Every structure is written in C-alpha cells, then in structure tokens.
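Single-structure report; data block below.
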Amino acid sequence: MRAPAAPAKLNKRSADTIAKILATTEEIILRSGAERISILDVCQDSGISRGTFYRYFSSQDDLLDAFSRHKRDQFHARLIEATAGYEDPDERFQAVVRFIDDYLERSRARRLLLVAPEYATRWFQRIFHDSVHRFQDVLSPVFDTWEERRGIVLDRELIGELIVRFILSDVLVPSGADRRNLMRRIERFVVMLLSGRVARR
C-alpha cells in the first residue's frame, strides 16, 4: 500500500492542478459512479501523469475523501457568498431562499444520487450536521430580529435542520415546477415559527 502523500505546497500551479483533478473526478463519478473511478482515468482525463497525481493524493480513497470535502466546502462557500452584504434581516432571509432555489435548480446532487447512491448517501450524511450549523450561522441575524419582534426564543438548530432536510428531500423527490412556490411555502412556515408554535422557551 502506497504511503500517504506528503502535503504539497499549494502555490497557484498546485491549486490549479488539484482543482483540475477534482473537476475531472466529479465528471467521472457522474458518468460512471464512484465505484468505477480509477486513478488512470483521472490522470488521462486531467492530462496529468501518475506522478503528479500522487504528489497530491495517496490513493483512490484519498481522492474521494478530498472530493467530498471539496464539494462540502464549495456548498458552504456559495451559501456565504450568496448572503454576504445583506444586513437587513428580511433581505438576508430572502437571499437564503434564493440560494436554496438556485442550488436545487442547478445542483448535480440528484445525478450523483442516481449513479453513485451509496457514495451520495455517505456524502449527505457527512455534510449534514455541518450544513445545519452553517445555515444557523448565516441566519443568526435573522433569528435575532424574529425573536426580538415576537418575544419568542426559536429553536435555531431545528430550523437549520429542517432547511437541510428540505434540500435533501427535494434532491431525493424533486418537486419540479412546484418548487417555484418555494418562497411562498417557506414564508408560510416562517409565519408558523413566528407565531411561537415551533419555539423553545
């Protein structure tokens, strides 16, 4: 078994090479599934040598692990980017709703679930709790305002969990054109929350 690769210095060239490898990995997984991915295919499709590959990854498992982290970090970075600059809590909440709608419209997670169900399920489980906390963090100013307006204490973790579970449920069972009613449905849910019926005192 090959020893783990030594950490490479991530200059721009290294970062670009890793990004190319990870992008190629995604295309191969979406085409053939995670179980059939091979280092040789990744090298050929990326246009790199095996030596270059092993400079950054020690094995197929190491590559898949890095790819999982990459997709998780990409999701969270886009969430933060989508909500940055919105100081007004109502506008920030609308930005979160738009982010969810855009993610479900453009995400390839559904394809991943079809071609690599076991890998996709493990990935969803892996990112679940971290994503709950990321949504909590992004919505913290919104929750502060809602609590002050209504004089209630929201279960913030529950709301974050429900948001993530909503996303995963739509990946599993697409709502199709009806998802365009997402804004209205989430707003109804928020009204229910702000009534105090889903609150922890």
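Worth saying up front: this structure is predicted, and the values here are computed from it rather than measured. Values below: every heavy atom of this structure, side chains too, minus hydrogens, waters and symmetry copies.
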Across all chains, not counting sequence neighbours, the side-chain contact (heavy atoms from CB on, under 4.5 Å) partners of D88 are D90, E91
Taken in chain and number order and not counting sequence neighbours, the residues that satisfy salt bridge (charged side-chain N to carboxylate O under 4.0 Å, His left out) with R134 are D130
Say whether, by atom type as modelled, one donor and one acceptor occur between the side chain of R110 and the main chain of V171 under 3.5 angstrom.
yes
Residues pairing under ring pair (Phe, Tyr, Trp, His ring centres under 6.0 Å) where one sits in residues 11-46, two or more places apart or in two chains, turn out to be none
Separation between CZ (R149) and CG (D144), nearest 0.5 Å, reads 11.5 Å
TODO: Would you please classify the geometry between the W146 ring and the F93 ring as parallel, tilted or perpendicular, with 30° and 60° separating the classes?
DONE: perpendicular
**Asked** For the hydrophobic clusters of this structure (ILVMFWY residues joined by side-chain heavy atoms under 4.5 Å, transitively), does one cluster hold both V173 and V115?
**Response** no
Residues at least two apart in sequence or cross-chain that pass side chain to side chain donor-acceptor pair (under 3.5 Å) with S38, listed by chain then number, are D41
Is there a path from I100 to L172 through hydrophobic residues (I, L, V, M, F, W, Y) whose side chains come within less than 4.5 Å of each other?
yes
Check: Donor-acceptor pair, E147 side chain versus L154 backbone, under 3.5 Å?
Finding: yes
Check: residues 28-35 side-chain donor-acceptor pairs under 3.5 Å, at least two apart:
unit_1 : atom_1 : unit_2 : atom_2 : d
R31    : NH2    : D45    : OD2    : 3.3

task: Taking S107 for its side chain and L104 for its backbone only, find out whether a donor-acceptor pair lies under 3.5 Å.
output: no
One should read off an interatomic distance between K20 NZ and T25 OG1, to the nearest 0.5 angstrom, of 12.5 Å
For this session: Count the heavy atoms of every other residue, nucleotide or ligand shown that sit under 6.0 Å from CD of E118, and state whether that count exceeds 12.
Result: no
Interatomic distance, CZ@R108 vs NZ@K71, rounded to 0.5 Å, equals 7.5 Å
- Task: Kindly indicate, with the supporting measurements, whether the criterion salt bridge (Lys or Arg N to Asp or Glu O under 4.0 Å) is fulfilled by R78 and D102.
- Result: CA-CA 11 Å; R78 287 175 177 170; D102 185 68; over 6 Å; no
Are the side chain of Q60 and the backbone N or O of I39 linked by a donor-acceptor pair below 3.5 Å? no
For H129, the side-chain contact (heavy atoms from CB on, under 4.5 Å) test, sequence neighbours excluded, returns none
Heavy-atom nearest pair, F57 first then L63, reads CD2-CA, 3.9 Å
Rounding to 0.5 Å, atoms CZ (F53) and OG (S46) come to a distance of 8.5 Å
By side chain to side chain donor-acceptor pair (under 3.5 Å), H70 pairs with (sequence neighbours left out) none
_Determine whether a donor-acceptor pair (N or O, by modelled atom type, separation under 3.5 Å) exists between the side chain of S169 and the backbone of F166._
yes
ring-ring contact (aromatic ring centres under 6.0 Å, His included) filter on F75, not counting sequence neighbours, yields F99, Y103
dist N11:CG -> T17:OG1 (nearest 0.5 Å) comes out at 8.5 Å
*asked:* I'd like to know if the side chain of S59 pairs up with that of Y54 as donor and acceptor (distance under 3.5 Å, no hydrogens or angles considered).
replied: no
| query | Do L114 and F67 share a hydrophobic cluster, counting only Ile, Leu, Val, Met, Phe, Trp and Tyr and linking them when any side-chain heavy atoms are less than 4.5 Å apart? | reply | no
Start with the C-alpha distance between D101 and R106, add both sets of side-chain angles, then the distance that settles salt bridge (Lys or Arg N to Asp or Glu O under 4.0 Å), and finish with yes or no.
CA-CA 9 Å; D101 185 57; R106 302 172 184 272; over 6 Å; no
Sequence neighbours excluded, the answer for side-chain contact (heavy atoms from CB on, under 4.5 Å) partners of I127 is R72, W123, S131
**Asked** Should S140 and R156 be marked as a side chain to side chain contact (heavy atoms under 4.5 Å, CB included) after you check the CA-CA gap, both sets of side-chain angles, and the distance that decides it?
**Response** CA-CA 8 Å; S140 182; R156 300 182 179 205; 3.5 Å; yes
| field | T83 (side chain) donor-acceptor with L79 (main chain) under 3.5 angstrom | value | yes
Give a yes or no on whether a salt bridge exists between R69 and D65, defined as a side-chain N under 4.0 angstrom from a carboxylate O.
yes
Taken in chain and number order and not counting sequence neighbours, the residues that satisfy side chain to side chain donor-acceptor pair (under 3.5 Å) with T52 are S49
Side-chain touch T24/I48, heavy atoms, less than 4.5 angstrom: no
Rounded to the nearest 0.5 angstrom, the OH-CD1 distance for Y56 and I21 is 7.0 Å
- prompt: Any side-chain heavy-atom pair from I159 and Q136 closer than 4.5 angstrom?
  reply: no
ring-ring contact (aromatic ring centres under 6.0 Å, His included) filter on Y86, not counting sequence neighbours, yields none
Those residues at least two apart in sequence (or on a different chain) that pass ring-ring contact (aromatic ring centres under 6.0 Å, His included) with F124 are none
**OP:** Before giving the answer on side chain to side chain contact (heavy atoms under 4.5 Å, CB included), spell out for I167 and F135 the whole-Å C-alpha distance, their side-chain angles and the decisive distance to 0.1 Å.
**Re:** CA-CA 12 Å; I167 294 170; F135 274 104; 3.8 Å; yes
Taking every heavy atom of T145 against every heavy atom of P89, the minimum-distance pair comes out as OG1-CG, 3.3 Å
